[in-house]
Amino acid sequence: MPKLVMHIDDRIEMLEREYRAWERLYDRRQEAKDAINWNLMTPADRRAAEAYDERIIEDGAFIWCELDHVRHCHIEQLW
């Protein structure tokens, strides 16, 4: 079975799209957090919301690190 290889420019473009989508998700989450009445939430609901926020941030950091790594590899290839 042939191995599928993605061209590095395509990979960069894909990661940039993924990061822009993550930014939109993050912005929507921030807007939703502003609308939440945290005092009415149970402690378990608050912990779940905070865990969700942490996961969103971790996902964004992972995408950004991957994008930075691929760009760095691309620059090395150009040299």
Could you go through residues 60-70 and list every donor-acceptor pair under 3.5 Å that involves a side-chain atom there, pairing it with any protein atom two or more places apart or in another chain?
unit_1, atom_1, unit_2, atom_2, d
E66, OE2, R11, NH2, 2.9

**Message:** Less than 4.5 Å apart, side chain to side chain, heavy atoms only: is that true for R55 and D59?
**Reply:** yes
**Item:** Pairs meeting criterion side-chain hydrogen bond (donor to acceptor under 3.5 Å, both in side chains) with involvement of residues 22-32, two or more places apart
**Value:** R29-D53
**Message:** Let's go through R17 and E13 carefully: what are the C-alpha distance in whole Å and the side-chain angles of both, what is the deciding distance for salt bridge (charged side-chain N to carboxylate O under 4.0 Å, His left out) to 0.1 Å, and is it a yes or a no?
**Reply:** CA-CA 6 Å; R17 278 195 313 270; E13 184 179 321; 3.0 Å; yes
**Message:** Rounded at 0.5 Å granularity, tell me how far CD in E50 sits from CE in M41.
**Reply:** 8.5 Å
**Message:** Are Y19 and L25 linked, directly or through intermediate hydrophobic residues, by side-chain heavy-atom contacts shorter than 4.5 Å (ILVMFWY only)?
**Reply:** yes
**Message:** Just verifying a value: how many Å separate R71 CZ and L15 CG, rounded to the nearest 0.5 Å?
**Reply:** 8.5 Å
